[in-house]
Protein chains: 2
Amino acid sequence: MAAKRRAQMVEETRAKLIQAARRAFAAKGYAASSMDDLTAEAGLTRGALYHNFGGKKGLLQAVIDQMDAEMLVRMRAAREKADNAWLGFMEESIAYMEMALEPEIQRIMLLDGPAVLGDPSQWPNQNACLRTTMETLQGLIDEGTVRPVDAEAAARLLNGAALNAALWIAAADEPRAVFEKVVEAFRSLAEGLLRSESG
Amino acid sequence: MAAKRRAQMVEETRAKLIQAARRAFAAKGYAASSMDDLTAEAGLTRGALYHNFGGKKGLLQAVIDQMDAEMLVRMRAAREKADNAWLGFMEESIAYMEMALEPEIQRIMLLDGPAVLGDPSQWPNQNACLRTTMETLQGLIDEGTVRPVDAEAAARLLNGAALNAALWIAAADEPRAVFEKVVEAFRSLAEGLLRSESG
DNA sequence: ATTCTTACATACGCGGCGTATGTCAATAGG
DNA sequence: CCTATTGACATACGCCGCGTATGTAAGAAT
């Protein structure tokens, strides 16, 4: 019980640091964020950061893990709203693009993350939200809806497409209008994966 | 004539710095590359760098412009080998993916570039090799081969797909085998853009 | 021939990161 | 209940790297 109190405090410390880091990284980017500043904002010092995360990269990794988990939840929710598997996949993909429009996600997950930590598929948690896309796709292949392509390859392609499109949308003058165009083009592209109806 | 000599020297200086920067950025990444080191390797000092490029970011921009131009040439060459426009587009896209496998291009153009300078479409030269994809695509739409989607949106999606796939391939154990899978999946995806044959 | 400008080199200061060390509270053992 | 030990952080130090301000020599302008 007393032991639990201690563990609880540690978790709070970690949570505070991750929270502060998310804001700092999102606002200024990873490179421009000072560890002194963000720890101070959390009411702590760099000592806590090095103890808990081993360094600046470790903190970024922790932030990414947290955000990735959140994104996973949102993608699942989007998929489960749809009537069938294929439409679920579309909704899931669109949800991903919408999330990729959020500055925090874009900056941390899509720009700084890969640049600092390398390819997302090599991350410790294996990028859960990419895995979800892959598994959804594999299900569609198994049920015969989608051509028998390599699920991971296709998932990668679609994820990358969505990611890049989101970068573009975010920088556009009228994000919402551009978003509609992208969704339409994305649907066309994705339909290339469907088994041809005449087949 | 004497004036030309002077301009020539300046060009050589800039070329030397860009060359050294390309190697340094490719080897260690942008953040870990010391300007003192790379200028010294070029037989110069940071003074020359700040004078010619305004700073570290300016140098990165110059490096990217140069590489982008080179990529453009290679994409054109790939396209012109093909028999028809659609196949040309495929070859062009595959060429892009192959280039994206090269560590130098991957590190500088695809990882550090966007992270440091922001969205590629906002870069000064407007990312020439993306424009090429877009124009090729627009041609295919005009001739009726491709569905009337937004060319820029589709180009963005395909570029992003190729980019992300390349990141994955490069980190894979057997890059070549994975590359084949990706190309196959990419073809399927891209065919989603074709007008349906029954139409 | 002189002034002015260009194209760099040199010098300086500040901020940021990592590490080594210190401190205090909490657990464990007798 | 008292002490030894570990854990969770804070403090202190040094180095490196960037940007800027200043210096300098060679070419261009008049």
Side-chain angles (χ1 to χ4, degrees), chain A residues 1-63 108 112-113 115-117, chain B residues 1-64 107-108 112-113 115-117:
Chain A
M1 179 166 171
K4 275 210 168 175
R5 271 228 136 92
R6 188 159 173 87
Q8 179 96 1
M9 293 303 285
V10 172
E11 263 324 293
E12 281 179 19
T13 297
R14 293 174 58 94
K16 273 195 267 185
L17 286 173
I18 291 176
Q19 186 69 15
R22 278 181 71 151
R23 276 190 298 185
F25 293 165
K28 309 192 231 176
Y30 174 81
S33 295
S34 157
M35 295 169 66
D36 282 316
D37 291 351
L38 74 87
T39 50
E41 197 174 349
L44 296 159
T45 69
R46 283 197 357 259
L49 200 161
Y50 276 92
H51 183 73
N52 281 294
F53 301 103
K56 202 180 184 183
K57 284 188 183 180
L59 180 58
L60 175 60
Q61 183 69 61
V63 168
I108 300 176
D112 287 334
V116 175
L117 303 175
Chain B
M1 179 169 172
K4 276 209 167 174
R5 272 227 135 93
R6 187 159 172 86
Q8 179 97 5
M9 293 302 286
V10 172
E11 265 322 295
E12 281 179 19
T13 297
R14 293 173 58 94
K16 273 195 268 186
L17 287 173
I18 291 175
Q19 186 69 18
R22 277 180 73 151
R23 276 190 298 183
F25 292 166
K28 309 192 234 178
Y30 174 81
S33 294
S34 157
M35 296 170 66
D36 281 317
D37 291 351
L38 73 87
T39 50
E41 198 173 347
L44 295 159
T45 69
R46 276 187 14 244
L49 198 160
Y50 275 92
H51 183 71
N52 282 294
F53 301 103
K56 201 180 186 184
K57 283 188 184 180
L59 180 57
L60 175 61
Q61 184 69 61
V63 167
I64 283 178
R107 178 82 242 181
I108 299 176
D112 287 334
V116 175
L117 303 174

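Nothing here was measured: the structure is a model prediction, and the numbers come from that model. Only this structure's heavy atoms are used, side chains among them; waters, hydrogens and symmetry mates stay out. By convention in this document, chain letters (A, B, ...) are assigned in the order of the sequence lines, proteins followed by strands, and residues within each chain are numbered from 1.
Atom CG of Leu44(B) is separated from atom C1' of dC8(C) by 8 Å (rounded to the nearest Å). Leu17(A) has its CG atom 13 Å from the C1' atom of dA10(D), to the nearest Å. Regarding Gln8(B), its CD atom lies at a distance of 20 Å from the P atom of dA26(D), rounded to whole Å. Regarding Tyr50(B), its OH atom lies at a distance of 18 Å from the C1' atom of dG23(D), rounded to whole Å. What separates NZ of Lys57(A) from P of dT19(C) is a distance of 12 Å, to the nearest Å. At whole-Å resolution of the value, CG in Leu49(B) and P in dA7(C) are 15 Å apart. In this structure, Leu59(A) places its CG atom 11 Å from P of dC17(C), rounding to the nearest Å. Rounded to an integer number of Å, the gap from CZ of Arg46(A) to C1' of dT19(C) is 9 Å.
Nucleic acid contact class of Ser33(B) (heavy atoms, under 4.0 Å, all strands): sugar-phosphate only. Nucleic acid contact for Thr45(A): base, since at least one base atom lies under 4.0 Å from a heavy atom of the residue.
Taking CG of Leu44(A) as the start and CG of Leu49(A) as the end, the distance is 9.0 Å to the nearest 0.5 Å. Taking CD1 from Ile64(B) and CZ from Arg22(B), the interatomic distance works out to 11.0 Å, rounded to the nearest 0.5 Å. Note that NZ of Lys57(A) and CG of Leu59(A) are 13.5 Å apart. Values are rounded to the nearest 0.5 Å.
Of the residues near DNA chain C, Gly47(A) and Asp37(A), the one whose nearest nucleotide (by heavy atom distance) lies more toward the 5' end is Asp37(A).
Phosphate contact (OP1/OP2 of dC8(C), side-chain N/O of Thr13(B), threshold under 4.0 Å): present. Considering only side-chain N and O atoms, His51(B) lies under 4.0 angstrom from the phosphate OP1 or OP2 of dA7(C). Taking only side-chain nitrogens and oxygens, Asn52(A) never comes nearer than 4.0 Å to OP1 or OP2 of dA8(D).
In the set dC8(C), dA8(D), dG19(D), the nucleotide with an atom closest to the side chain of Lys56(B) is dG19(D).
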Verdict with reasoning, Tyr30(A) to Lys56(A), per side-chain contact (heavy atoms from CB on, under 4.5 Å): CA-CA 9 Å; Tyr30(A) 174 81; Lys56(A) 202 180 184 183; 3.3 Å; yes

Evaluation steps, side-chain contact (heavy atoms from CB on, under 4.5 Å), between Phe53(A) and Arg14(A): CA-CA 9 Å; Phe53(A) 301 103; Arg14(A) 293 174 58 94; 3.6 Å; yes

